[in-house]
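Okay, so here's the structure we're looking at.
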2 protein chains.
Amino acid sequence: MYSTAQPNSESISSGEAAILEAAEVLFAEKGFDAVSIRAIAGKADVCKANVFHHFGSKEGLYLAVLRSAVTESKQILEELEGASGNQQERLRQFAGRHLRSILGHPHVSRLILREALEGGSERGKELAEKIVGDNFSQLVDLCRAGQKSGELRPELDPALVATLMVAANVFFFEAASVMRHIPEIKFYDDPQAYSAGVMDILLNGMANKKGER
Amino acid sequence: MYSTAQPNSESISSGEAAILEAAEVLFAEKGFDAVSIRAIAGKADVCKANVFHHFGSKEGLYLAVLRSAVTESKQILEELEGASGNQQERLRQFAGRHLRSILGHPHVSRLILREALEGGSERGKELAEKIVGDNFSQLVDLCRAGQKSGELRPELDPALVATLMVAANVFFFEAASVMRHIPEIKFYDDPQAYSAGVMDILLNGMANKKGER
DNA sequence: TAACTGACTGACCGATCGGTCAGTCAGTTT
DNA sequence: AAACTGACTGACCGATCGGTCAGTCAGTTA
C-alpha cells in the first residue's frame, strides 16, 4: 500500500478529511436529504467526483460521518469518567460535564439527535445505541453505587434516574432556541446553573434521608 | 364565494384535507426535503398539480401542515387543564396526561421536534414558541401554586421544574427507539410507569419537608 | 341557458439531483 | 525508465425535483 506524504499535521484538510468535516457540519445543520454532494464538495473545496472517489456514495459518506461522530462522541463521554467526592458529588459532576460536552460539540449532538428522531429500526439507529449503550451503563452503575453507599434511596430504578439526567441535558440542548424566547426561563444561557438546579432537585429527590421509610 | 357541498362529515379526505393529512405524516416521518410533492400527492390520491392549486408551493404546504399541527397541539395541551387533588397530585396528573398526549400524536410531536432541531431564528421557530409559550406558562403557574400552598420548596425556580417535567416526557418520546435496545431500561414500553417514577423523584425532590431548612 | 367558480388533471419545463467515466497528475515501487 | 498507485478533475448521464399551464368538469349564480 502506498502511503501518502501526510505532513505531520493532524486532520487538517487533505481532501478526505475536509470532505468529512464539511459533511458533518452540513448534515447536522440541514439533514441528509437537504444537503447535496455538490454543496459538500463546494464547502470542502473539492471536486464533486472526488467525494464519490473517497466514499462511494452519498449514503456511504453519511455513514462515514456518522461513524466518525460516534467515535468522537464515545471519546468525549469516556472523558467523563474521572470524578471525585462522594457519590452525589460524582453524579453532579457527571451531569455538568455531560451537558458541557453536548453543548461543546453541537454538530455531533445534532447528528445523533437527528438519527434518533428518524427512528425505525433502520440506518444508524444501532450506532446510536452503541454510543449510548456503554456510557449509559456507566452512568447507571454510578447511580447504583450511590444506592449501595446508602446515599440514594435503594428502591429507585437507577436506569430511570440515569434517563432523567440525560433527558434534562439533551432537552437543554435541543430546546435552547425555543427556551430563549420563553420569558419565564432565565437559565437559557447558563447551562451550569441549569445543571446545578436540576441536580439539586434530582439528588434531593433521590436522597435517602435517615428518618424516612 | 361558492360553497362546496361539504357532506356533513369532518376532515374526511375531500382533496385538500387528504393532502394535508398525507403531508403531515410524510413530513413528520422523513423531514421536509426528503418528501416530494409527488409522494404526498400519491398518498393523498390526488394529482400533483392539485397540491400546488391548494397550497401554492411546497413551503406553503409545509407551513400549512405546521399551522394545523400547532393548532392541534394547542387543543391537546388545553385539555390538560382539568386536574383534581392537591398541587402535587395535579402536577402528577399533568405529567401523565402530557406524556400520553405526546405519544398519542406522534406525527405532530415529531414535526415540532424537527422544527426545534432545525433551530436558528428562521422558519416556524416562532410557531414552536407559540405552542409551548402559553401552556408552559400554565405549567409554571401550577408549580408556583404548589409553592404557595407550601407543598413545594419555595426557593426552587418553578420554570426549571416545569422544564424538567417537559424534558422527561419529550425525551421518552424521542429516545423510545433507542431505549428499547438498552438492557438496563425496563420501562421503555410503559409510559405511565415511567411518568410515575419520574414524578416520584421530582416531587420528592421538590417537597417542602417541615423539619428542613 | 349562459357565465362563472374552484377543484382537479396530464403534459410539459428548466434545474438540480446522485452517480459515472475517461483521463491527468504527483509520488512509489520495481 | 517503466509500471503502477491513489487523489483528483471536468464533462456528461438519466432520473427526479419543484413548479407551470391549458384545459376539463361539476356545481353555483344570475
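Letters go in sequence order (proteins before strands), and every chain restarts at 1. Just so it is clear, the values below take in all heavy atoms, side chains as well, and ignore hydrogens, waters and symmetry mates.
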Under 3.5 Å, N/O pairs linking protein and nucleotides 8-15 of chain D:
{"residue": "D/dC8", "atom": "OP2", "partner": "A/Asn50", "partner atom": "ND2", "Å": "3.2"}
{"residue": "D/dC8", "atom": "OP2", "partner": "A/His54", "partner atom": "NE2", "Å": "2.7"}
{"residue": "D/dC8", "atom": "O5'", "partner": "A/Asn50", "partner atom": "ND2", "Å": "3.0"}
{"residue": "D/dT9", "atom": "OP2", "partner": "A/Cys47", "partner atom": "N", "Å": "2.6"}

B/Leu164 side, atom CG; A/Ile201 side, atom CD1 - distance, nearest 0.5 Å: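 Between atom CG of B/Leu164 and atom CD1 of A/Ile201 there are 5.5 Å.
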Could you give the [atom1]-to-[atom2] distance, from [X] to [N], as a whole number of Å?
X: A/Asp33; N: D/dG18; atom1: CG; atom2: P; answer: 11 Å
X: A/Leu26; N: C/dC17; atom1: CG; atom2: P; answer: 12 Å
X: A/Phe55; N: D/dA7; atom1: CZ; atom2: P; answer: 10 Å
X: B/Phe52; N: D/dT20; atom1: CZ; atom2: C1'; answer: 9 Å
X: A/Ile37; N: C/dG19; atom1: CD1; atom2: P; answer: 6 Å

Pairing residues for B/His98 by the side chain to side chain donor-acceptor pair (under 3.5 Å) criterion, not counting sequence neighbours: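 Checked B/His98 against side chain to side chain donor-acceptor pair (under 3.5 Å); matches are B/Asn169.
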For B/Phe187, all residues meeting ring-ring contact (aromatic ring centres under 6.0 Å, His included), sequence neighbours excluded: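 ring-ring contact (aromatic ring centres under 6.0 Å, His included) list for B/Phe187, sorted by chain: B/Tyr194.
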Pairing residues for A/Phe171 by the ring-ring contact (aromatic ring centres under 6.0 Å, His included) criterion, not counting sequence neighbours: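 Counting only residues at least two positions away or on another chain, A/Phe171 forms no ring-ring contact (aromatic ring centres under 6.0 Å, His included).
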Salt bridge (Lys or Arg N to Asp or Glu O under 4.0 Å) partners of residues 139-148 of chain A, not counting sequence neighbours, each pair once: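 Sorted pair list: A/Asp141-A/Arg144.
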Salt bridge (Lys or Arg N to Asp or Glu O under 4.0 Å) pairs, two or more places apart, involving residues 190-201 of chain B: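 For residues 190-201 of chain B: A/Arg153-B/Asp200.
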Return all side-chain donor-acceptor pairs below 3.5 angstrom for residues 34-51 of chain B, not counting sequence neighbours, or 'none' if the list is empty.
{"residue": "B/Ser36", "atom": "OG", "partner": "B/Ala39", "partner atom": "N", "Å": "3.1"}
{"residue": "B/Asn50", "atom": "OD1", "partner": "B/His54", "partner atom": "NE2", "Å": "3.4"}

Stems formed with participation of DNA chain C [Watson-Crick or G-U wobble, under 3.5 Å, three or more pairs]: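 For DNA chain C the paired stretches long enough to count as stems (3 pairs minimum) are C:1-30 with D:1-30.
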Test salt bridge (Lys or Arg N to Asp or Glu O under 4.0 Å) applied to A/Asp157 - qualifying residues, sequence neighbours left out: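 A/Asp157: no salt bridge (Lys or Arg N to Asp or Glu O under 4.0 Å) contacts found.
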Short side-chain N/O contact from A/Ser36 to OP1 or OP2 of C/dT16, under 4.0 Å: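 For C/dT16, neither OP1 nor OP2 has a side-chain N or O of A/Ser36 closer than 4.0 Å.
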